[in-house]
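Working notes, beginning with the structure itself.
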Amino acid sequence: MTDIMTRPAEGKTLVLNAADNIAVALSNLDVGTMTAQGVSIIRRVPRGHKFATRGIGAGEAVLKFGQIIGFAKEAIAPGDWVHEHNCGMGGADGSLTHDYAFSQGVVPVDVLPAAQRTTFQGFRRANGSVGTRNYIGILTSVNCSATVAKFMAEAINRSGILDDYPEIDGVIPFVHGTGCAMDLQGEGYQIFRRTQWGYTSNPNLGAALLVGLGCEGFQIDRMKEAYNLKETDTFQTMTIQEIGGTQKMIDWGVERIKDMLPVAARARRETVDAGHLTLALQCGGSDGYSGITANPALGVAADILVKNGGTAILSETPEIYGAEHLLTRRAVNREVGEKLISRIHWWEDYTGRNGGEMNNNPSPGNKLGGLTTILEKSLGAAAKGGMSPLTAVYEYAEKVTEKGLVFMDTPGFDPVSATGQVAGGANILAFTTGRGSAYGCKPVPSIKLATNSDMYARMQDDMDINCGDIVEGVSIEAKGQEIFELMLRVASGEETKSEALGYGDNEFVPWQVGAVM
């Protein structure tokens, strides 16, 4: 999507497509600065923000990436700063429509035969899936059992017993604030049930407990029945009320985990091909560089993974709003494209019912970083999906079974979005950020990609790769290869910066949809 027409060597600015009527400032541009585009800056332009390269009439489309990112609220002179004060969503009537063409010239990926694929060292599970980590998880059916889950994990960690099992990455309590007072026939309940089952069966868990209170709306036995689950030496369930109280529940959980440790520790890393990787694509704290550096570089890495037989999950539906017409053209068939558009329409209705609008995203931090409208943010965010055909569209936390680039409907809020992707089966995650998001995602390692060099220099303890050097001359293709190679090392056990800092214990956030009763 990005076609860089003006290289940074010609000035501290960047034009991304020949059709654009704006350029991006790569450093603060003061009034009077003469740019490589032959215009003089007439209002200060902060780094990462945009300025007009020619006059833009009131109501005229503002173009970036060769696509519409908004419309001029007033006449904009050449060299003027372009941002929310003079650029907004929609045309004269406040609307914007796209031509949702489907499956136009889709070229299937020439997937490498298994024997030619890149490999990594993963944990092969009995069902054929492969983990990149080997955790024991304690899931909770309801908020009322969150405390006992935490106490179980704390007791194990205090005991020192994990030192005897270096093959185990840790014991994680996945706690949340829901599980009751919901419509048991409604969409929210179905989402929550899929999320619980998805985490229980994620290949990065070697064993799992599911603990509840007993009287909650989300009944463990009903979930077991729905998914035909049987209790085994790696999956056990219990409720506080059934066992006879809090302390008995904690004691039971600690003993069950002690029994599970030697079983889960039997897993050993072995050589497997990259087709066993399912990559969650995330961006948070985006800025004006996101769609220029880290996102398209991650898209290259995603394409390499797809060529190796793997899966990449693009998500955050509110953050592809305005770019969905580009994805429908890449859908492998009309049905896949129409399913994506149906989720877009669901979101338009959902935000409207709750007194919001899709352009409530981007956030204030995004705007400070140079993003003006959701259209601009989405065009950059969609670049994470690379150029591969779109093979399937999934609802939140649905099991991902198709290979290639797929889409999962999730909110844009990173912890909620990633929770759905992990429930869908993601075993590794890549997260681009321009403002500097602090994030981790147990049980899935999260690779943090900085969009600009300044933030990377400030936050090197949090960032795994600097993509800011793309505007300094490094090619997007070379950076994508660097990301892919790090993915393989992390999948084989190399620790990410987020893991070293201990992030991930509080990032399990199931999406709550519907009324709380």
Side-chain angles (χ1 to χ4, degrees), residues 135-165 168-182 184 188-189 191-202 205-227 229-265 415 419 422-423 442-443 502-512 516-517:
Y135 283 100
I136 292 178
I138 311 171
L139 288 104
T140 58
S141 66
V142 67
N143 176 256
C144 308
S145 55
T147 298
V148 295
K150 289 181 178 179
F151 286 167
M152 290 173 190
E154 289 170 1
I156 291 292
N157 290 329
R158 286 197 308 267
S159 72
I161 193 173
L162 291 178
D163 294 340
D164 299 329
Y165 298 96
I168 305 295
D169 288 299
V171 176
I172 321 166
F174 294 107
V175 302
H176 55 86
T178 185
C180 202
M182 60 172 63
L184 301 185
Y189 177 84
I191 286 173
F192 184 65
R193 188 174 71 176
R194 289 199 301 266
T195 304
Q196 291 281 27
W197 162 234
Y199 265 70
T200 301
S201 58
N202 186 280
L205 292 187
L209 298 178
L210 177 54
V211 298
L213 176 61
C215 59
E216 60 268 27
F218 182 83
Q219 287 287 303
I220 293 175
D221 285 344
R222 292 181 185 177
M223 172 182 149
K224 290 163 64 177
E225 180 180 356
Y227 294 107
L229 300 179
K230 308 297 182 184
E231 303 218 356
T232 67
D233 54 2
T234 57
F235 177 69
Q236 296 279 306
T237 69
M238 182 57 68
T239 68
I240 297 169
Q241 292 167 355
E242 179 183 359
I243 203 167
T246 298
Q247 191 57 54
K248 291 178 182 177
M249 185 68 176
I250 296 167
D251 294 341
W252 175 89
V254 169
E255 290 306 311
R256 296 294 76 73
I257 293 169
K258 288 180 178 178
D259 292 340
M260 289 175 169
L261 284 169
V263 179
T419 295
V422 174
K442 291 178 182 177
Y503 275 101
D505 288 330
N506 301 301
E507 283 76 5
F508 175 68
V509 189
W511 187 15
Q512 293 190 50
V516 177
M517 305 293 192

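Computed from heavy atoms alone, side chains included, the values below leave out hydrogens, waters and symmetry copies.
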Practice prompt. Please check if the side chain of Q219 supplies one atom and the backbone of S141 the other of a donor-acceptor pair under 3.5 Å.
Written response: no
Non-hydrogen side-chain atoms of [X] and [Y] separated by less than 4.5 Å:
X	Y	result
V254	F151	no
T246	T147	no
T234	M260	no
T140	V148	no
T195	F508	yes
D169	P443	no
Y199	V422	yes
L210	M223	yes

Nearest 0.5 angstrom please: [X] [atom1] to [Y] [atom2], how far?
X	Y	atom1	atom2	result
L261	I136	CG	CD1	4.0 Å
T200	L229	OG1	CG	7.5 Å
N143	L213	CG	CG	10.0 Å
T237	I220	OG1	CD1	5.5 Å
D164	S159	CG	OG	8.5 Å
D163	N157	CG	CG	10.0 Å

Least distance between heavy atoms, [X] atom then [Y] atom:
X	Y	answer
A264	I168	CB-CD1, 3.5 Å
Q512	V516	OE1-CG2, 4.4 Å
H176	F192	CE1-CZ, 3.3 Å
C144	I240	O-CD1, 4.0 Å
G137	F174	CA-CE1, 3.9 Å
L139	A208	CD1-CB, 4.2 Å

Worksheet entry | side-chain contact (heavy atoms from CB on, under 4.5 Å) assessment of M152 paired with V211 | CA-CA 11 Å; M152 290 173 190; V211 298; 3.9 Å; yes
Practice prompt. Kindly indicate, with the supporting measurements, whether the criterion side-chain contact (heavy atoms from CB on, under 4.5 Å) is fulfilled by I138 and I257.
Written response: CA-CA 9 Å; I138 311 171; I257 293 169; 3.7 Å; yes
Worksheet entry | Ring geometry between W197 and Y227 (parallel below 30°, tilted from 30 to 60°, perpendicular above 60°) | parallel
Discussion item. As a quick check of understanding, evaluate side-chain contact (heavy atoms from CB on, under 4.5 Å) for E507 and K442, giving each step before the final call.
Written reply: CA-CA 8 Å; E507 283 76 5; K442 291 178 182 177; over 6 Å; no
Worksheet item: For residues 252-262, which residue pairs qualify under side chain to side chain donor-acceptor pair (under 3.5 Å), counting only residues two or more places apart or in two chains?
Response: R256-D259
Discussion item. Taking NZ in K224 as the centre, count heavy atoms belonging to other residues, nucleotides or ligands within less than 6.0 Å. Is the count above 12?
Written reply: yes
